[in-house]
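Letters go in sequence order (proteins before strands), and every chain restarts at 1.
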Number of protein chains: 2
Amino acid sequence: MPGQNTKRHAGVPRDSGCLSCYLKALCIPANLSSCEKQLFSQVVTTCVGLDKRAVLVSQGARFDSLYAVRTGFLKQETALDGAEQLLTALWFPGDIIGSDAIGLGRYPGTVSALESSTLCKLPFDSFLALAHELPQLYQYLHYNLSLAMHEERMSLHQLLCRTAEARLACFLLSISDCFRRRGYSSRHFRLPLSRQDIGNYLGLTQETVGRTLAAYQAQRLLRIEGREYQLLDLSRLEQMASSTGRRQKRR
Amino acid sequence: MPGQNTKRHAGVPRDSGCLSCYLKALCIPANLSSCEKQLFSQVVTTCVGLDKRAVLVSQGARFDSLYAVRTGFLKQETALDGAEQLLTALWFPGDIIGSDAIGLGRYPGTVSALESSTLCKLPFDSFLALAHELPQLYQYLHYNLSLAMHEERMSLHQLLCRTAEARLACFLLSISDCFRRRGYSSRHFRLPLSRQDIGNYLGLTQETVGRTLAAYQAQRLLRIEGREYQLLDLSRLEQMASSTGRRQKRR
DNA sequence: CGACTAGTTGAGGACCATCAACAGAGGTGG
DNA sequence: CCACCTCTGTTGATGGTCCTCAACTAGTCG
């Protein structure tokens with residue numbers, strides 16, 4: 001349904017071979033032989049390009065494909081019946097979009113690009129058909145779904161009983177870790193999210209997010225210029241992130 | 001590792017045939033033919049009995065089996081480095097325990113029985129071997145992992161920006177729905193959790209949980225006697241549960 | 001009986017949502 | 001060029017929510 005998208009790239013479908021993709025160590029084919037990667041490549045039908053702010057899938061649309069992120073940065077927003085808008089997921093290069101839609105049969109939120117991005121589309125039917133030949137693909141699916149569920153559960157349960165200060169520290173550190181695992185700097189990165197987006201992700205208001213970040217800067221824990229973040233004191237951030245309970249005990 | 005358990009049933013291994021189990025419509029074999037259920041039955045090696053408070057698996061133990069709940073009620077507690085203790089999952093009859101351990105290779109929390117319970121043990125190796133024959137089992141796994149991830153994500157993201165009042169209403173309604181789906185009363189049930197447990201699940205303190213429940217009773221929304229809960233006004237509870245944002249706007 | 005656990009109640013104050021006003025950046029049109 | 005709008009982010013005042021600490025009751029177990 002390309003018509004639904006507000007903006008799109010001219011669609012430069014890059015050579016979509018997984019063999020030559022520099023993300024192959026992060027993405028699905030990681031533990032396939034090169035012969036199997038060749039097979040897998042055939043499932044990757046198109047390489048989708050998205051401009052900044054362009055919509056990949058709309059909330060409620062029927063699920064048919066997973067997408068692997070090649071370049072860029074995407075978010076998922078889920079609207080509830082009220083005026084409420086939750087930011088329910090963020091994706092980096094190497095991540096798979098859509099694994100929360102398999103069970104539901106519909107995409108549970110609107111996915112859009114935070115920067116211009118390129119993605120590999122994996123039609124789920126073809127994926128399952130291939131998985132019948134290559135059980136490693138099934139395994140990949142279990143392991144990753146299970147791991148994602150566990151990590152999501154742990155981090156959200158932790159956030160539930162944390163102050164705004166600790167929630168933001170958790171958030172920045174997990175973003176930092178995402179960049180680190182992908183070979184970028186863990187201390188200096190661009191995070192193209194508004195204060196409002198961050199607030200929607202963490203269950204805080206934009207004012208609180210702004211004030212807390214300002215307090216961090218005053219304490220020389222980090223430096224922010226626009227949407228560029230520079231983490232200056234990772235160990236103290238970690239300390240704040242894991243500070244137990246909602247409040248500091250009085251002494 | 002039965003030796004790790006503090007208490008156990010004498011181990012009455014009931015006839016473990018899935019064909020005769022009255023939960024078969026809820027549990028994994030739901031969409032298998034009766035011939036395939038027969039095959040599946042052979043994977044279900046033992047029927048484990050647990051006394052109240054007995055431990056099924058300890059946090060950090062190596063993952064080897066899923067467990068299906070036949071009767072009873074279980075919880076998972078995860079200890080973090082601090083003194084923090086989170087209640088990260090609850091399971092009812094028909095639920096599968098351990099799907100958050102597949103990716104990690106270890107059980108992420110200590111699972112114990114809130115009432116005396118019986119479970120079917122499904123060694124994961126055998127499960128995968130059988131799934132190679134019966135791809136429906138793989139499908140079952142994907143669909144349910146994906147659905148569980150999505151529901152967990154949505155409910156926890158909602159809780160993040162809700163007041164104690166709304167969090168508790170969400171919690172009670174979701175428990176009520178669990179009972180309804182299993183054919184029990186959705187308005188009158190026994191919930192063998194302490195205030196502390198509920199607080200650990202929702203990110204609140206036991207005092208706040210107690211006070212909020214007392215306020216509900218004063219408003220005739222529900223009645224509590226010990227750990228018996230009777231929901232008197234479901235529609236107003238639903239209204240509180242979905243009340244948007246953290247505070248009521250002033251008028 | 002004392003020891004322990006689960007639950008209740010009250011006082012005080014930390015935390016953060018809310019509302020409002022404002023500043024700067026970027027885009028548009030005349 | 002300027003006037004105007006929108007979007008994003010900042011700052012301040014105010015008060016509701018709920019955490020913390022403490023004291024107390026009731027029930028259970030030895």
Side-chain angles (χ1 to χ4, degrees), chain A residues 7 52-53 75 82-85 87 112 114 159-169 171 190-218 222-229 240 243-251, chain B residues 7 52-53 75 82-85 87 114 158-169 171 190-218 222-229 240 243-251:
Chain A
K7 284 188 192 180
K52 190 172 171 175
R53 267 175 250 258
K75 67 175 173 181
E84 233 173 337
Q85 181 100 333
L87 204 166
S112 62
L114 289 162
L159 288 186
L160 271 180
C161 59
R162 291 244 181 311
T163 60
E165 186 176 78
R167 286 185 193 187
L168 258 165
F171 177 72
R190 190 177 143 71
L191 186 64
L193 287 172
S194 68
R195 302 277 185 271
Q196 183 68 64
D197 283 335
I198 300 176
N200 286 342
Y201 190 76
L202 295 173
L204 302 168
T205 58
Q206 52 156 339
E207 294 95 327
T208 301
V209 172
R211 275 189 255 259
T212 308
L213 288 179
Y216 281 165
Q217 291 197 81
L222 46 80
R223 240 160 43 82
I224 306 176
E225 249 172 288
R227 292 177 178 179
E228 298 272 340
Y229 291 72
M240 310 195 84
S243 87
T244 190
R246 274 218 158 166
R247 306 272 179 80
Q248 301 82 301
K249 313 227 180 210
R250 285 170 222 161
R251 61 230 65 198
Chain B
K7 282 189 192 180
K52 189 172 170 175
R53 265 174 250 259
K75 68 175 174 180
E84 235 174 336
Q85 181 99 333
L87 205 165
L114 289 162
Q158 271 187 60
L159 288 186
L160 270 181
C161 58
R162 291 240 180 315
T163 59
E165 187 176 78
R167 287 186 193 186
L168 257 164
F171 177 72
R190 190 177 143 70
L191 187 64
L193 286 172
S194 68
R195 302 277 185 270
Q196 183 67 65
D197 283 334
I198 300 176
N200 285 343
Y201 190 76
L202 295 173
L204 302 169
T205 59
Q206 52 157 339
E207 294 95 326
T208 301
V209 172
R211 276 188 256 258
T212 308
L213 289 177
Y216 282 165
Q217 292 197 80
L222 47 79
R223 240 160 44 79
I224 306 175
E225 251 172 286
R227 291 176 181 181
E228 298 272 341
Y229 292 72
M240 309 194 86
S243 86
T244 189
R246 276 221 157 164
R247 305 272 179 81
Q248 302 81 303
K249 312 225 179 211
R250 285 171 221 163
R251 58 227 65 201

Q. Got a second to check how far Leu114(B)'s CG is from Arg190(B)'s CZ, nearest 0.5 Å?
A. 9.5 Å
**Q.** Side chains of Met240(B) and Tyr216(B) in contact at under 4.5 Å (non-hydrogen atoms)
**A.** yes
Q. If you round to the nearest 0.5 Å, how far is CD of Glu207(A) from CZ of Arg195(A)?
A. 12.0 Å
Q | Atom pair CD/CG of Glu165(B) and Leu213(B) - distance to nearest 0.5 Å | A | 11.0 Å
Q. Side-chain N or O of Thr205(A) less than 4.0 angstrom from OP1 or OP2 on dA17(C)?
A. yes
(Q) Whether the side chain of Arg167(A) engages the backbone of Leu159(A) through a donor-acceptor N/O pair (distance < 3.5 Å, no angle test) should be reported. (A) yes
(Q) Would you say that Ser112(A) contacts Arg53(A) through its side chain, given a criterion of any heavy-atom pair below 4.5 Å between the two side chains? (A) no
(Q) Looking at Thr208(B), I'd like to know whether one of its side-chain N or O atoms comes within less than 4.0 Å of OP1 or OP2 on dC19(D). (A) yes
Q. Name the one of Thr212(A), Leu193(A), Leu204(A), Thr208(A) that satisfies side-chain contact (heavy atoms from CB on, under 4.5 Å) with Ile198(A)?
A. Leu193(A)
Q.
Could you tell me how far apart Met240(B) (CE) and dT17(D) (C1') are, to the nearest whole angstrom?
A. 14 Å
Q: Starting from P on dG24(C), measure out to CD on Glu225(A) and report it in whole angstrom.
A: 16 Å
**Q.** Rounded distance [0.5 Å steps], CG in Leu168(A) versus OG1 in Thr163(A)
**A.** 9.0 Å
Q.
Does the protein touch nucleotides 6-13 of chain D at the base, only the backbone, or not at all? Give it as B, S and - per nucleotide, heavy atoms under 4.0 Å.
A. --SSSBBB
Q | Nearest-Å distance for atom pair CZ/C1', residues Arg162(B) and dC18(D) | A | 17 Å
Q. Per the end-axis method with five pairs at each terminus, what is the bend angle of the helix from dC1(C)-dG30(D) to dG30(C)-dC1(D), to 10°?
A. 30°
Q: Could you state the atom-to-atom distance from CG of Asp197(B) to C1' of dG7(C) in whole Å?
A: 13 Å
Q. Reading nucleotides 24-30 of chain D from the 5' end, what letters show protein touch, with B for base, S for backbone sugar-phosphate only, - for no heavy atom under 4.0 Å?
A. -------
Q. Between CD of Gln158(B) and CD of Glu84(A), what distance do you get to the nearest 0.5 Å?
A. 6.5 Å
**Q.** Separation of Leu160(A) CG from Arg162(B) CZ (nearest 0.5 Å)
**A.** 12.0 Å
Q) Separation of Leu204(B) atom CG from dT17(D) atom C1', in whole Å? A) 11 Å
Q.
Just the rounded figure in Å: distance from P of dC18(D) to CD1 of Ile198(B).
A. 16 Å
(Q) In the structure I gave you, are the side-chain heavy atoms of Phe171(B) and Val209(B) within less than 4.5 Å of one another anywhere? (A) no
